[in-house]
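Quick note on labels: first sequence line is chain A, next is B, and so on, each numbered from 1. Everything numeric here is computed off the predicted structure, so don't read it as measured data.
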Protein chains: 4
Amino acid sequence: MTRNASTPRTEPLFHDVEFRVRYAETDQMGVVYHTNYLVWCEVGRTDFIRARGMSYADMERAGVGLAVSELTARFHAAARYDDTVRVRTTLAEVRSRGITFDYLITDVASGRRLVTARTALVSIDSSGRPTALPANVRALFVDE
Amino acid sequence: MTRNASTPRTEPLFHDVEFRVRYAETDQMGVVYHTNYLVWCEVGRTDFIRARGMSYADMERAGVGLAVSELTARFHAAARYDDTVRVRTTLAEVRSRGITFDYLITDVASGRRLVTARTALVSIDSSGRPTALPANVRALFVDE
Amino acid sequence: MTRNASTPRTEPLFHDVEFRVRYAETDQMGVVYHTNYLVWCEVGRTDFIRARGMSYADMERAGVGLAVSELTARFHAAARYDDTVRVRTTLAEVRSRGITFDYLITDVASGRRLVTARTALVSIDSSGRPTALPANVRALFVDE
Amino acid sequence: MTRNASTPRTEPLFHDVEFRVRYAETDQMGVVYHTNYLVWCEVGRTDFIRARGMSYADMERAGVGLAVSELTARFHAAARYDDTVRVRTTLAEVRSRGITFDYLITDVASGRRLVTARTALVSIDSSGRPTALPANVRALFVDE
């Protein structure tokens with residue numbers, strides 16, 4: 001987590017997490033099945049939120065969820081079994097009822113870019129209805 | 001669903017369901033990743049219960065779940081992408097607090113046996129504690 | 001598969017497939033985990049191609065694969081366990097080195113729109129390099 | 001990896017790996033879907049083999065695979081999203097054509113036992129036929 005506290009608007013918040021590709025994540029093309037990169041984005045997002053000081057598990061227990069409403073992804077190159085990959089999650093936008101994150105997945109050994117993605121999330125209550133992002137969640141991401 | 005109503009104890013209850021193998025279910029060996037056969041067993045079990053007259057979704061809404069407590073499987077031959085497979089689910093045992101099912105997964109085109117498996121399920125309440133199988137659920141499987 | 005043979009350019013090719021939501025596809029929000037809708041798009045695409053007269057499995061055996069290069073999705077409403085869903089796959093564009101498909105996933109009982117998505121696929125050879133779409137594959141989708 | 005070199009037969013080889021539960025691994029019961037514990041066993045097995053000095057990815061590139069032929073598992077307690085779990089993989093047996101591993105999955109915070117499992121793997125060549133375990137692979141696990 002790198003952050004320049006004095007210029008919050010120009011220095012984007014981001015967070016890195018690394019892990020190895022699982023055998024179960026490959027398909028018969030010999031590379032990672034494409035939707036698994038999007039599961040990794042969620043791993044990156046979870047880790048980003050925890051690094052800001054609140055676990056997403058606690059958010060849900062407090063009655064607020066974040067549901068993916070839009071997703072875009074570009075697949076530049078393929079990850080393979082046992083490769084170590086890095087997911088860089090960057091805060092793109094905080095809205096009254098949601099948050100948008102960008103993702104860059106790279107191969108650690110080569111530095112090669114594998115996937116770029118963006119997800120928009122909406123804040124929902126425990127019955128699944130859109131709701132305003134609670135102040136304590138919003139404060140994790142925005143200086144006000 | 002085949003069943004001889006006059007000899008319920010000697011003629012086991014079973015149910016067949018067929019579907020095609022998904023690309024996402026393969027791995028880099030070029031065949032189905034082994035844990036996916038166990039997902040198919042759950043598809044077979046769900047369909048078996050529905051064919052007996054109650055959906056498992058309704059069971060859960062009524063506050064009763066069935067959680068897998070034990071699982072054994074033998075992998076005899078591999079399924080491949082786009083093959084049509086059949087899951088035969090057979091009722092093995094009904095206990096006061098659980099049910100055991102057997103599964104036979106075959107390749108429809110060749111009739112070849114792919115996987116045999118057994119799962120023991122325990123009846124749990126909505127907080128996850130073991131509980132007696134409700135009478136209306138038990139009645140789906142046992143003539144009394 | 002509906003198609004007006006005399007006006008191929010104005011009547012889009014599409015194909016529908018229906019199946020039930022699996023338990024394994026849900027998450028702790030009580031609905032389908034978002035990346036599983038994208039697996040369903042692949043099920044729709046596979047079925048579309050088969051309905052045109054060639055299985056994607058055969059395409060791969062002939063040395064040509066289709067790899068997802070771009071993906072966009074909007075999640076409008078959630079599917080739940082045991083719901084029957086329909087995936088409508090529509091041919092959006094055929095390029096010299098790829099194909100783009102659109103997807104509409106609906107809940108069959110209510111007719112409600114759940115997810116809309118688009119994937120661009122690139123034609124690759126058996127070593128993963130981009131290659132021209134073979135004439136016999138192209139002919140499945142374009143009247144020339 | 002703990003090992004007493006002077007008494008290889010009485011001190012079993014084992015290896016530990018820890019990671020957090022992913023959101024995608026939960027189901028609508030609010031806990032980890034049961035087949036995902038078996039994916040974790042493969043993560044443990046891969047890490048064990050790497051710690052012995054050879055990656056399973058290299059084994060496959062050298063033309064030898066290990067396919068799961070039998071699996072047994074007992075589910076004692078459930079893991080939840082964001083929990084840190086430990087998979088302890090222990091070498092149970094080395095045969096001329098295969099290896100058997102035992103697994104113990106625990107919750108790191110509480111030390112609670114979640115799942116115990118065993119998998120028998122058979123050594124296969126690149127066309128999927130059973131073959132003798134190569135000497136260099138065997139040597140990773142047995143002192144001779």
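Residues of residues 102-113 of chain D lying under 4.5 angstrom from chain C, judged on non-hydrogen atoms, do not exist here. Residues of residues 23-45 of chain D placed with any heavy atom under 4.5 Å of a heavy atom in chain C are listed by number as D/Tyr23, D/Ala24, D/Thr26, D/Asp27, D/Gln28, D/Met29, D/Gly30, D/Tyr33.
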Which pairs would a plain distance check flag for residues 127-135 of chain D, meaning a side-chain donor or acceptor within less than 3.5 Å of a matching protein atom at least two apart in sequence or in another chain?
{"from": "D/Ser127", "atom 1": "OG", "to": "D/Asp125", "atom 2": "OD1", "distance (Å)": "2.9"}
{"from": "D/Ser127", "atom 1": "OG", "to": "D/Arg129", "atom 2": "NH2", "distance (Å)": "2.9"}

Which donor-acceptor pairs under 3.5 Å do the side chains of residues 91-98 of chain C make with protein atoms, sequence neighbours left out?
{"from": "C/Arg95", "atom 1": "NH1", "to": "C/Thr100", "atom 2": "OG1", "distance (Å)": "2.8"}
{"from": "C/Arg95", "atom 1": "NH2", "to": "C/Leu121", "atom 2": "O", "distance (Å)": "3.1"}

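Atom CZ of C/Arg74 has 12 or fewer neighbouring heavy atoms from other residues, nucleotides or ligands inside a 6.0 Å radius.
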